[in-house]
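Positions are given from 1, in the same order as the sequence printed here. What's counted below: heavy atoms across the whole structure, side chains too, no hydrogens, waters or symmetry copies. Counting convention: from 1, in listed order, for ligands and their atoms alike.
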Amino acid sequence: MTSAAAKSIRPSIRKAVFPVAGMGTRFLPATKVMPKEMLTVHDRPLIQHAIEEAIKAGIEEFIFVTNTDKKILEDHFKPQDKLEKILSERGKNDALNIIRQSNLKKDQIKITYQDEPLGLGHAIWCAKELVGNDPFAVFLTDDIILNDHGCMAQMIDVYNQKGGNVIALENIPKADTGKYGIADAHQSENNIFVIQNLVEKPNPEEAPSTLSIVGRYILQPEIMTYLAAHEKGAGGEIQLTDSMAKLIKDQTFHGLEFQGQRFDCGGALGFIEANIAYGLSDPAIKDMLLQNLKKYK
Ligand code: UTP
């Protein structure tokens with residue numbers, strides 16, 4: 001079969017899973033009541049940054065793995081009739097357009113619940129029925145990536161060439177390997193890697209590389225078979241990385257060192273940096289922000 005023919009029979013990536021049922025303990029007390037995913041970078045919540053990246057990549061169905069205390073996350077994407085009516089009566093059309101841009105159609109959002117935060121792997125498994133038998137994308141909303149050609153769109157380009165599973169990778173300082181999943185991989189072309197193994201949060205002395213897994217994945221549905229075992233890994237949690245490391249024995253995994261600046265918004269440092277970078281990318285406030293930042297040397 002020619003590679004063009006192989007590409008044409010590859011199922012397209014239409015669905016994305018957003019696991020948003022975690023506790024956000026690194027961000028307490030902000031996350032005592034407010035979900036971490038609703039914290040704002042620049043002018044919109046983290047979850048909206050992720051949904052916009054997904055839309056740019058052609059995703060049509062958005063699956064939230066959430067819990068019953070986090071209804072605000074789904075509400076954010078529903079039309080807010082009262083607010084729209086007031087804005088419309090007052091002729092505030094710019095504001096009206098802004099809020100309407102974040103509305104999703106009813107059948108585009110699917111909700112499933114993770115009753116207890118048992119880990120990222122468990123959260124993905126909770127989406128099993130909604131995902132079905134097709135490959136799907138996963139977005140961890142902690143990671144936001146500043147680039148006009150979104151990270152997931154870049155990954156779908158790789159998937160269209162290579163098929164299988166695709167993971168976003170970033171080169172990090174060796175001292176930080178214990179914070180992330182790390183890939184054992186070799187570079188095959190430009191910024192694409194062939195991954196042989198994945199290890200969750202290895203000590204720097206044991207890490208197979210400094211290529212860290214960033215919170216964007218394209219996964220084949222067979223991952224669910226491994227996740228179903230509910231085996232606990234690092235930190236006593238059911239880890240996605242452990243199941244991917246098993247699936248690697250049967251299927252290809254490519255890593256993409258993507259173009260764009262990634263911010264880890266799961267903690268204060270990355271979150272504050274992201275606010276500065278996104279602020280500087282907004283022409284309406286860029287000059288004043290740069291000016292004001294000089295005060296804080
Ligand atoms: P994190 O590892 O950042 O965990 O999860 P967390 O609970 O959100 O935050 P900390 O570590 O306590 O500060 C990455 C993503 O996976 C989701 C989180 O909501 C977050 O978007 N997640 C994590 C779940 O949905 N369920 C889980 O059991 C764990």
How far apart are the C-alpha atoms of F77 and F62, what are their side-chain angles, what is the distance that settles it, and do they pass the ring-ring contact (aromatic ring centres under 6.0 Å, His included) test? CA-CA 11 Å; F77 296 99; F62 309 88; 8.0 Å; no
Ligand 1: which residues have a non-hydrogen atom closer than 4.0 Å? P19, V20, A21, G22, M23, G24, T25, R26, K36, E37, Q114, P117, L118, G119, L120, A123, D142
Before accepting this row, confirm whether a basic side-chain N of the pair D134/K15 lies closer than 4.0 Å to the acidic partner's carboxylate O. no
Pairs where residues 226-238 contributes a residue and the test salt bridge (Lys or Arg N to Asp or Glu O under 4.0 Å) is met, not counting sequence neighbours: E231-K246
D107: what forms a side chain to side chain donor-acceptor pair (under 3.5 Å) with it, not counting sequence neighbours? none
Linked, directly or transitively: L104 and I63 (ILVMFWY side chains, under 4.5 Å): no
Which pairs pass ring-ring contact (aromatic ring centres under 6.0 Å, His included) with one or both residues in residues 136-175, sequence neighbours excluded? F18-F139
